[in-house]
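Reckoned from all heavy atoms, side chains included, excluding hydrogens, waters and symmetry mates. Note that this is a predicted model, so its numbers are computed, not measured.
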Amino acid sequence: MVDIFQEVEEDLKRERSEELWRKYGKYVIGTAAVIVLGVAGREGLKTYEQTTSIENGTRFANAVELAQAGEDKQDAALEALDAIIADGNAGFVAMGHFQKAAIYLRAGATPSAVSELEAVAANDDIDQVYRDLAVVQIAMNSATQSNAKDLIAQLEPIAVPENAWYYSALEMIALLHVAAGDVAAAKPLLTDIADDGDAPSGMRARASEILKAVGA
């Protein structure tokens, strides 16, 4: 009889985890395109201002303009970004991939977007801050119950206070634990976010809501 009760309890835990992932996972994943667009624009401008290659900066600005000009301009934007990636410096290569990922995300072509992000994460010539962002974005756009543990392992080196993407990585790890059915592992991470005055207010509110949902 004890074994039966244990099996029922495990089933209930698994169902609760799946329900939480369905409810809250979409909020984090839904911000992925916004983050990519924001960083690509902001960091692209910074790269433009710092680089000595005015030509590359102009080409990138023109490609971004095409990307924002409407659906009929997306193929031209992708071609322009491919040209930048092919012969630009490391900063422009990263921004080219991020912009391509943003275009693919808007079009609903998530696997193509993830491929662009993987190209950033795997390129040792690109600054670590961009590579870390790519890892976070990969998790946000490819997370499932089956790959949750692998993604957690990739995110853990980023989920440290000194990293620029600390809070995003920490929140994603917590949600991945939920996706994997390990709510107990998610609770302390969510508590850290909810109690951290330096965390983004929306993220703190979301962490508090999830904690209430799991009875913490």
Side-chain angles (χ1 to χ4, degrees), residues 6 8-43 46 94 98 101-102 105 110 113-114 117-118 120-121 127-216:
Q6 287 179 340
V8 170
E9 183 179 359
E10 289 302 317
D11 287 342
L12 288 173
K13 287 181 180 178
R14 182 165 55 252
E15 288 177 6
R16 183 174 63 173
S17 295
E18 291 174 356
E19 181 180 353
L20 287 168
W21 173 247
R22 286 193 299 269
K23 183 175 181 180
Y24 295 105
K26 63 183 179 182
Y27 291 121
V28 175
I29 294 171
T31 66
V34 176
I35 293 175
V36 168
L37 283 169
V39 171
R42 182 177 65 253
E43 298 298 338
K46 185 188 299 183
F98 278 125
L105 286 172
T110 302
V114 171
L117 297 168
E118 289 174 340
V120 177
D127 287 348
Q128 192 66 48
V129 65
Y130 299 141
R131 294 168 61 194
D132 287 346
L133 173 61
V135 172
V136 174
Q137 290 295 313
I138 289 166
M140 287 180 173
N141 286 285
S142 64
T144 64
Q145 291 178 316
S146 60
N147 69 2
K149 291 182 179 180
D150 289 338
L151 292 175
I152 288 170
Q154 295 173 32
L155 288 166
E156 283 177 339
I158 301 172
V160 291
E162 59 269 23
N163 194 287
W165 313 111
Y166 167 58
Y167 292 112
S168 295
L170 194 64
E171 182 182 37
M172 196 64 221
I173 289 173
L175 285 170
L176 286 166
H177 279 305
V178 171
D182 192 356
V183 174
K187 285 182 179 180
L189 303 180
L190 293 167
T191 300
D192 286 345
I193 295 171
D195 294 343
D196 190 336
D198 291 329
S201 59
M203 195 176 291
R204 292 175 61 195
R206 187 162 53 238
S208 295
E209 186 176 351
I210 300 173
L211 286 169
K212 290 178 182 178
V214 299

Inset, instruction - Report yes if the side chains of I210 and L175 come closer than 4.5 Å at any heavy-atom pair, otherwise no. - result: yes
Inset, instruction - Could you check if a side-chain atom of E156 sits within less than 4.5 angstrom of a side-chain atom of I173, using non-hydrogen atoms only? - result: yes
How long is the span from the [atom1] atom in [X] to the [atom2] atom in [Y], to the nearest 0.5 Å?
X    : Y    : atom1 : atom2 : value
L189 : E171 : CG    : CD    : 11.0 Å
I152 : D182 : CD1   : CG    : 8.0 Å
I158 : M172 : CD1   : CE    : 12.0 Å
D198 : I193 : CG    : CD1   : 13.0 Å
M140 : T110 : CE    : OG1   : 14.0 Å
L151 : T144 : CG    : OG1   : 7.0 Å

Atom of [X], atom of [Y] and distance for their closest heavy-atom approach:
X    : Y    : answer
A94  : V120 : O-CG2, 4.1 Å
A199 : R204 : O-CD, 3.4 Å
Y130 : F98  : O-CZ, 3.5 Å
A186 : A174 : CB-O, 3.3 Å
Y166 : P161 : CD1-N, 3.6 Å
L190 : A207 : O-CB, 3.5 Å

With distance as the sole test, does [X] use its side chain to make a donor-acceptor pair with the main-chain N or O of [Y] at under 3.5 Å?
X    : Y    : value
N141 : A113 : no
W165 : V129 : yes
N163 : V160 : no

